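To start, the structure under review is shown below, and the notes come after it.
Note that these values count all heavy atoms, side chains included, but never hydrogens, waters or copies made by symmetry. No experiment lies behind these values; they were computed from the predicted model shown. Naming: A, B, ... by sequence-line order, numbering from 1 per chain.
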Amino acid sequence: MTLQGWILILGFVAILLVLAKPIGAWLFTLYEGRRTPLHIVLGPVERGLYKLAGVEPVQEQGWRRYALHMLLFNVALMTFTYAVLRLQGVLPGNPQGLAGLSPHLAFNTAVSFATNTNWQSYGGEGTMSNLSQMLGLTIHNFLSAATGIALAFALFRGFARREASTVGNFWADVTRITLYLLLPLCVALTLFYIASGVPQTLAGVVDVTTLEGARQSILLGPVASQEAIKMLGTNGGGFFNANSAHPFENPTALTNLVQMLSIFVVGVGLTWCFGKAVGNTRQGWAILSAMAILFLAGVTVTYAQEAAGNPILHQLDIAGGNMEGKEVRFGIAASALFSVVTTAASCGAVNAMHDSFTPLGGMIPLFNIQLGEVVIGGVGAGIYGFLLFAILAVFVAGLMVGRTPEYVGKKIEAREVKLAVLAIAVLPLMILGLTALSSVLEQGLAGPLNKGPHGFSEILYAFTSAVGNNGSAFAGLTANTPYYNGLLGVAMWIGRFFVIVPMLAIAGSLAAKIYTPESAGSFPTTGGLWVGLLVGIILILGGLTFMPGLALGPIADHLAMIRGQLF
Amino acid sequence: MAQAPSKSLFTADLVMPAIKASFLKLSPRELGRNPVMFVTAAVAALMTVLLVVGHDDLRVAFKAQLAAWLWLTVLFGTFAEALAEGRGKAQAASLRATKAELVARRMKGDRVEQVPASHLRTGDVVLVSTNDLIPADGEVIAGVASVNEAAITGESAPVIREAGGDRSAVTAGTRVISDEIRVRVTADPGQGFLDRMIALVEGAERRKTPNEVALTILLVGLTIVFLIAVGTIPGFAAYAGGSIPVAILAALLITLIPTTIAALLSAIGIAGMDRLVRFNVLAKSGRAVEAAGDVDVLLLDKTGTITVGDRQASEFRAVGGASDAELAEAALLASLADETPEGRSVVVLAREKFDLQRPMPPGAEIIPFTAQTRVSGIRSGDTLIQKGAVDSILRANPGSGETAAATELRRITDEIARAGGTPLAVAKDGRLLGAIFLKDVVKAGIRERFGELRTMGIRTVMITGDNPLTAAAIAAEAGVDDFLAQATPEDKLELIRKEQAGGKLVAMCGDGTNDAPALAQADVGVAMNTGTQAAREAGNMVDLDSDPTKLIEVVGLGKQLLMTRGALTTFSVANDVAKYFAIIPAMFVTLYPGLGVLNVMGLATPESAILSAIIFNALIIPLLVPLALKGVAYKPMPAGPLLARNLAIYGLGGLVAPFFGIKIIDLVVGGLGLA
């Protein structure tokens, strides 16, 4: 570990803490549906879209209606993308003349992007035409992100409203978030990336003569614009297969930093927005603090493990940290940080191969996703996932102050507990269940590249990444098979919507409740004690659930490595 | 907090029946009420079957021990519940003895017929004479009697019960000591006060409270998650090229699912109700006890709760040239025949302050207090001395209101009111002498109690019939947060509704029929047992001692119940970490020998590690039974420090304790050669 590395890590955290309030305040304006300076330009566009779609933005929806419209919207978009991918061969915007996708790959990819997972069973530039990337995939990059944020808004309203029957209007939320948050930020980021040397062109391939005189085809495309939303919307699906390790996606140290910041920025802002929505910004800071502690702990482990390197290589007199699978331009600190950021949020973009990390270094990204990506988390999904844990934490420990549990003024009762448990149990059921299935089925066992616990980690990581809607790949798993494409597709769908629907039901149930004002006797949900409790509950619940799998995967892998055995 | 005397937990007369009952509770129907224990029992049964048919490499002796400890885990749980119920039953037995067989004299027109009490129906009228037991709950419709209610209150001093007014309710099983009353029955057999009390303390009518239901859901959720975690291990192990015996998986599952809290949950609830009963407060539902813990606002009657019941004369304030001594003498004479506590205190003050020893003048005529004149006094020869409320005295002496003395009197009256006192004016032959300062005496220590409540986030509101000036002064002296002066029952109801609209939970106590609507509206309504039947029906708790101060303790008991539940839940969940460190290495060490380093406790063998974890998991239940039944230590303090303290004890303690516990058991298991 180097000083420079720590300056990067701590500087990164410091910048985010500074950004929390301004971004949060902007989000709060959208949450409230208030006017922004951008309305002068985009207001007519917003109204035009409503008119076109026949939406009445002021008409509030109950949670059921909100959920139904959200689901229909996502199914429709997913179907559309499926069709685009299948018909790629006959559609325009295909300078490379790529063929349509197989049914299982098109299904997997459509679900993947609709669920904000962006798991890629394919190699980006070799499979997707420009049209598929821009139309089929990029709309999801925007709208799945907007959906996530809208859902977070709905849950915030549940906490904030008193004796209300509605949680907002889905269409208005999605439209406003897309127009006033994602679009302007993406325009700015795109320009920044172009200035940094990221290609933005519809030309397909450039043929050049290299210095040695060889001819080389260099693939270009509308990379910068996709890169902007890939990070900002915690999507993670790269234009190129190498993702953010590719110099055209992530050319400089500065773009690397900006990419990491843009993964977290909306999630960080949402914590502040939550605090503001429930009338006490300290509530938001408490959540952000708990997230920051979990994050820094994860970064420390991964960075330390990667910097320490592989003892087997050390014995061979190859000193230094673990550089296998890392882009030399970024080095250990920036790769370790990126890997923790991308898995803490449900982004899934990578600038290094997680598969090549040391076992424990690679376990942190895995564990991050297994915790439900609640450390900052995916846009919207992170905060609502975190709030589910908060509900459970309040319920377990809240009684210890001698009152029935309450959180930000709302009593947590049987219904909320039931729904929160339902939402949280989806993760272990799908991750562990499908991993166990693939560990015994022939089709499953055909996937992993490596043997032993490392191969097991590859399967575990794939399902964890899919269910958690992360989309990062441990790599090493041959996933473009009907078995994995199909199963991972189902896993992604369930991992997203089977969490969302109970979560929205909680929002509806909370909105209908009366508000219990805070007093000296109320369970304190700001301050260090609460932060510690949240961290503890998340680690214990997550740890207890996934410990056997982790023990047989990365931990066994690590212990074997110490004894000189590699897989 | 004042604790009612509690019996030792483990006396033979309680434990023996509890052991028997703990086996009876093994029926699937009984166990089904507690899903986590049901799973435990199912796994224990599975383990027993595996003893016979299982084909794995485990020693039979090892599997037999696992099966035995699993069954013990279930039995410890049913024992905890049975013991809690047994304590209630012991309480109920003494009540039931009273109830044995009551005979009623039922009025049929003018005739009186003897019928068993069980034949009485609501609306029947019975005649109860000296030394009779009252056969059913009812309301006195004619007569006055002194009644010994020791059977339900434990208080042997008789109380007066009379027709009309707020003291008309009588309870079955209490004894009339003098006189004869007619009672209209207000409860059918089996529905009476005593019946409900017996049912409640026995736990027979116990339903899960809302919070218990929610907690049970959480425990079921955790059980499902751990079922998934354990159920997928065979698949993982298969990948690693091995297999894990079912018996080991079953052991892991039971140590992970929250058996500790699940086993103790209903015992905690029953014990909480029982603590209230020992405190002579009867809650009509567990829900009411939970609500007590949540209370934000306490409405407290001034008289009897905040101040000692009676006002005391503390000062004489003369006006219009009269001397204080002159006023004192007149006041003394006027009060000689006044047997009210206020009257007596005037006599005492006059004698102490001015050393006056005036006997009753011979031939003096006492003028009693009447509702019409609202003035009392004495006429001796030509001298007339009057005493009463200022306005009444002025009214009784036309023309006196315009004098300079009257102006001065009004000023003094205001001063007294502002100081929290009640003025009594005294006039001699139509001439105003001055005012007696009757002071409300705030109970000793009550200010500190309110301070405690404030730190707990509970607001106190004093309810009084006094005028706002007096009320403000007493409120300030007693340290309540707010007051409601000149309160009518409607005002009380209004106040409760207003607080509730703001999301607050309100507790109050009351006794009169006109308190009934407010008692019903309040989240916690404690009716005084001396109160009317209507009040007792409206409240969700009844205080058998009729002591309004107890409202504060009731809140404490509610909080203690919730805290106990939370503490044991947290402890139970935190325990799992150590159990993982015991079982995971033991289970996987054959697959990957490297995983042996996770055996941080240095447990002797894999068998011993698994057995020790299971034994710890079982033994922790009876070890925590005393805590579950007595409740965690409770001290009024703000939520922050309270949480810090409980988290340190039950959270961190729960994390650390099993590491030591399992290690010690492992040493014993090794020493005895059990594994």
Do Arg563(A) and Pro593(B) come close enough that some side-chain heavy atom pair is under 4.5 Å?
-> yes
To the nearest 0.5 Å, atom CZ of Phe581(B) lies from atom CE of Met547(A) at 4.5 Å
Identify which part of Thr455(B) has an atom lying under 4.5 Å from any heavy atom of chain A, answering side chain, backbone, both or neither.
-> backbone
Side chain, backbone, both or neither of Leu541(A) within contact of chain B (heavy atoms, under 4.5 Å) = side chain
Value rounded to 0.5 Å, distance of OG1 in Thr435(A) from CZ in Phe236(B) | 5.0 Å
Residue pairs fulfilling ring pair (Phe, Tyr, Trp, His ring centres under 6.0 Å) with at least one residue in residues 414-435 of chain A, sequence neighbours excluded = none
Side chain, backbone, both or neither: which part of Leu432(A) has a non-hydrogen atom closer than 4.5 Å to chain B?
-> both
Side chain from CB out, backbone as N, CA, C, O: work out which of these in Leu399(A) comes under 4.5 Å of a heavy atom of chain B, or both, or neither.
-> both
Report the distance from atom CG of Leu437(A) to atom OG1 of Thr232(B), rounding to the nearest 0.5 Å.
-> 11.5 Å
Relative to chain B, which segment of Phe395(A) carries a heavy atom at a distance below 4.5 Å: side chain, backbone, both, or neither?
-> side chain
Which portion of Lys411(A) sits near chain B, non-hydrogen atoms under 4.5 angstrom | side chain
In terms of heavy-atom pairs under 4.5 Å with chain A, which of Ala240(B), Ala644(B), Ala238(B) leads?
-> Ala644(B)
Check Pro524(A) against Ala639(B) and note the closest heavy-atom contact, atom names and distance.
-> CD-CB, 4.1 Å
Do Met563(B) and Val401(A) have side chains that get closer than 4.5 Å, going by heavy atoms?
-> no
Chain B contact via Leu533(A) - side chain, backbone, both or neither, heavy atoms under 4.5 Å | side chain
More than 12 heavy atoms from other groups under 6.0 Å of CZ on Phe498(A) = no
Contacting region of Val295(B) [heavy-atom separation from chain A under 4.5 Å] = backbone
So what's closer than 4.5 Å to chain A heavy atoms on Val577(B): side chain, backbone, both or neither?
-> both
Between Leu568(B), Ile649(B), Leu647(B), which is the residue that forms a side chain to side chain contact (heavy atoms under 4.5 Å, CB included) with Met400(A)?
-> Leu647(B)
Distance col, row Asp294(B):CG vs Thr404(A):OG1, nearest 0.5 angstrom, shows 3.0 Å
For Pro428(A) and Val225(B), which heavy atoms make the closest approach, and how far apart are they?
-> CG-CG1, 4.2 Å
Please answer whether the main-chain N or O of Leu544(A) pairs with a side-chain N or O of Tyr580(B) as donor and acceptor at a distance below 3.5 Å.
-> yes
Minimal non-hydrogen separation, Phe588(B) against Pro548(A), with atom names | CE1-O, 3.8 Å
Do you know which of Glu290(B), Met637(B), Met587(B), Lys559(B) has the most heavy-atom pairs under 4.5 Å to chain A?
-> Lys559(B)
Can you find a heavy atom in the side chain of Lys504(B) that is under 4.5 Å from one in the side chain of Pro517(A)?
-> yes
Scored by heavy-atom pairs under 4.5 Å with chain B, the best of Gly549(A), Gly553(A), Ala551(A) is Ala551(A)
Max heavy-atom pairs within cutoff under 4.5 Å with chain A, candidates Leu222(B), Leu642(B), Leu655(B), goes to Leu642(B)
Which residue out of Val440(A), Ile514(A), Leu429(A) racks up the most heavy-atom pairs below 4.5 Å with chain B?
-> Leu429(A)
For residues Tyr239(B) and Ile459(A), determine if any side-chain heavy atom of one lies less than 4.5 Å from a side-chain heavy atom of the other.
-> yes
Atom group of Arg454(B) that falls short of 4.5 Å from chain A, counting heavy atoms = backbone
Asp296(B) vs Arg403(A) side-chain heavy atoms within contact, under 4.5 Å | yes
Within a strict 4.5 Å, meaning less than it, do heavy atoms of the Pro405(A) and Asn211(B) side chains meet?
-> yes
Among Thr216(B), Ile217(B), Thr564(B), who wins on heavy-atom pairs under 4.5 Å with chain A?
-> Ile217(B)
Contacting region of Leu445(A) [heavy-atom separation from chain B under 4.5 Å] | side chain
What heavy-atom pair brings Leu552(A) and Ala237(B) nearest, and what distance separates the two atoms?
-> CD1-N, 4.1 Å
In terms of heavy-atom pairs under 4.5 Å with chain B, which of Ile540(A), Ile431(A), Ile562(A) leads?
-> Ile540(A)
Value rounded to 0.5 Å, distance of CD1 in Ile424(A) from CD1 in Ile224(B) | 13.0 Å
One option among Phe456(A), Trp530(A), Phe523(A), Tyr515(A) has the most heavy-atom pairs under 4.5 Å with chain B, and it is Phe456(A)
So, the part of Leu591(B) with a heavy atom under 4.5 Å from chain A: the answer is side chain
Would you give the length of the straight line joining atom CG of Leu529(A) to atom CG of Leu643(B), rounded to the nearest 0.5 angstrom?
-> 4.5 Å
Provide the closest heavy-atom pair for Thr516(A) versus Gly503(B) in the form atom of the first, atom of the second, distance.
-> CG2-O, 3.6 Å
Between Ile584(B), Leu505(B), Val213(B), which shows the greatest number of heavy-atom pairs under 4.5 Å with chain A?
-> Ile584(B)
